[in-house]
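Each remark here refers to the structure printed beneath this line.
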Amino acid sequence: MVPAIGFYTEAVAETIVLGETMGITADTLYEVLSNSYGQSRIYERNYLDI
C-alpha cells in the first residue's frame, strides 16, 4: 500500500505544478480532484494542512 500512496502523492504534485503553470489555481485543482476519480483522503488531509 505504501508505494501506491507515494505514486498518488507524486501524481497529484505533478498535476498541481502543471495546472499552476497553465494558470489554474491550486484551489480549483483541489475542487476538481476532490470531486472526481482523483479524490483521496490523503490528498484532503495534506491539502487542508497547507
| query | Between the main-chain N or O of Ile24 and the side-chain N or O of Thr28, is there a donor-acceptor pair closer than 3.5 Å? | reply | no
| message | Testing the basics here: between Thr15 and Leu29, what is the closest heavy-atom pair and its distance to 0.1 Å? | response | O-CD1, 4.0 Å
| query | What's the spacing between Tyr30 OH and Ile16 CD1 if we round to 0.5 Å? | reply | 11.0 Å
